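The structure appears below as structure tokens.
Values below: all heavy atoms of this structure, side chains included; hydrogens, waters and symmetry mates excluded. Note that the coordinates shown come from a computational prediction; the quantities given were computed from them, not determined experimentally.
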Amino acid sequence: MKDSFYGHIQQTAVSNRVEEHAEEIRVKGFTVIPNVIEEKDLDGWREKIDRIYAVQEQDYGYEALKSIQELDVCRAPMLYDFSFSRLASSPAITSVVKLLLGDWFILNLQNSIINRSNLVHHQSSWHRDLPYQNWVISKPIAINALIAVDAFSAVTGGTQVVPFTHKQE
């Protein structure tokens, strides 16, 4: 950027990828951090999610989950497998969260959405995280991290992010 200017122009300087990701979140409302999970490990994560969800479906029952729109939502997988705790505390993610929220933050929830071809998932409805909070704030109070373990496609489905919506009610 040009070194000389006049008027009060506030500029943000970024000196590394972590700061760049944080600035993208501040401006656009999202960023993409590649390779949080190495490609060679993806099959293992898919198997863990499917295994834990099968236990949850067995424990709570298909019909009960269906009645509350919780089919194919693997809730709190870290309670079943500690590796999900390590994933949630990945330095690639937490370094960006620390820049945005500071050193003290909590993991509010963790779940895995299972997309099945030709089925519409409840989570595919447009929603804001945090849901039911129809207001905006100048500094973030929560950060959502989505880690894709499957490629997004017409068959597998995918998440759409609407840029700048964190700045509008």
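- The shortest non-hydrogen separation linking Leu42 to Ala148 is CD2-O, 4.3 Å.
- Residues Arg75 and Asn111 form a side-chain contact, since some pair of their non-hydrogen atoms from C-beta on lies under 4.5 Å apart.
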Take Tyr53 and Leu71 through the side-chain contact (heavy atoms from CB on, under 4.5 Å) test and state the conclusion after the steps.
CA-CA 9 Å; Tyr53 179 71; Leu71 285 179; 3.8 Å; yes
For a side-chain contact (heavy atoms from CB on, under 4.5 Å) check, start with the C-alpha distance between Ile141 and Leu130, then their side-chain angles and the critical distance, and finish with the verdict.
CA-CA 10 Å; Ile141 58 171; Leu130 309 159; 4.2 Å; yes
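- Hydrophobic clustering, with ILVMFWY side chains joined whenever heavy atoms are under 4.5 angstrom apart, keeps Val27 apart from Val162.
- Looking at heavy atoms from C-beta onward, Tyr60 lies out of side-chain contact with Ile68 at the 4.5 angstrom threshold.
- In this structure, the separation between OG on Ser112 and CG on Asp72 is 11.5 Å, given to the nearest 0.5 Å.
- Hydrophobic clustering places Met78 together with Val97 (ILVMFWY residues linked when any side-chain heavy atoms are closer than 4.5 Å, directly or through intermediates).
- Atom CZ of Phe152 is surrounded by more than 12 heavy atoms from other residues, nucleotides or ligands within 6.0 Å.
- Nearest heavy-atom pair across Leu100 and Pro140 is O-CG, 4.0 Å.
- Between Arg128 and Val136, some side-chain heavy-atom pair lies under the 4.5 Å cut-off.
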Would you please test Lys98 and Asp103 for side-chain contact (heavy atoms from CB on, under 4.5 Å) and show each step?
CA-CA 5 Å; Lys98 282 182 182 184; Asp103 289 334; 4.1 Å; yes
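- Shortest non-hydrogen contact noted between Cys74 and Gln56 is CA-OE1, 3.4 Å.
- By the 4.5 Å heavy-atom criterion applied to side chains, Val73 and Ile114 are not counted as neighbours.
- Note on Leu101 and Phe30: separate hydrophobic clusters, where clusters join Ile, Leu, Val, Met, Phe, Trp and Tyr whose side-chain heavy atoms are under 4.5 Å apart, directly or indirectly.
- A 6.0 Å sphere centred on CG of Asn35 holds no more than 12 heavy atoms belonging to other residues, nucleotides or ligands.
- The closest side-chain heavy-atom distance from Ile93 to Ile147 is below 4.5 Å.
- Applying the salt bridge (charged side-chain N to carboxylate O under 4.0 Å, His left out) criterion to Asp150, with sequence neighbours excluded, gives Arg46.
- For the pair Glu19/Glu23, no side-chain contact is recorded, criterion being any heavy-atom separation below 4.5 Å from C-beta on.
- Here the closest heavy-atom approach between residue Ser90 and residue Val36 is recorded as OG-CG1, 4.0 Å.
- For Arg26 against His166, the heavy-atom pair with the smallest separation is O-NE2, 2.9 Å.
- Placement of Val161 and Ile33 in two distinct hydrophobic clusters is found when ILVMFWY residues are connected by side-chain heavy-atom separations under 4.5 Å, directly or transitively.
- Summarising the local packing, NZ of Lys66 is surrounded by 12 or fewer heavy atoms from other residues, nucleotides or ligands at distances under 6.0 Å.
- Side-chain contact between Asn144 and Leu146 is absent, with no heavy atoms from C-beta onward closer than 4.5 Å.
- Using a 4.5 Å heavy-atom cutoff, the side chains of Ile52 and Phe84 are in contact.
- Distance check: Asn16 CG to His21 NE2 gives 9.0 Å after rounding to the nearest 0.5 Å.
- Clustering ILVMFWY residues whenever any of their side-chain heavy atoms sit less than 4.5 angstrom apart, transitively, puts Leu107 in the very cluster that holds Ile143.
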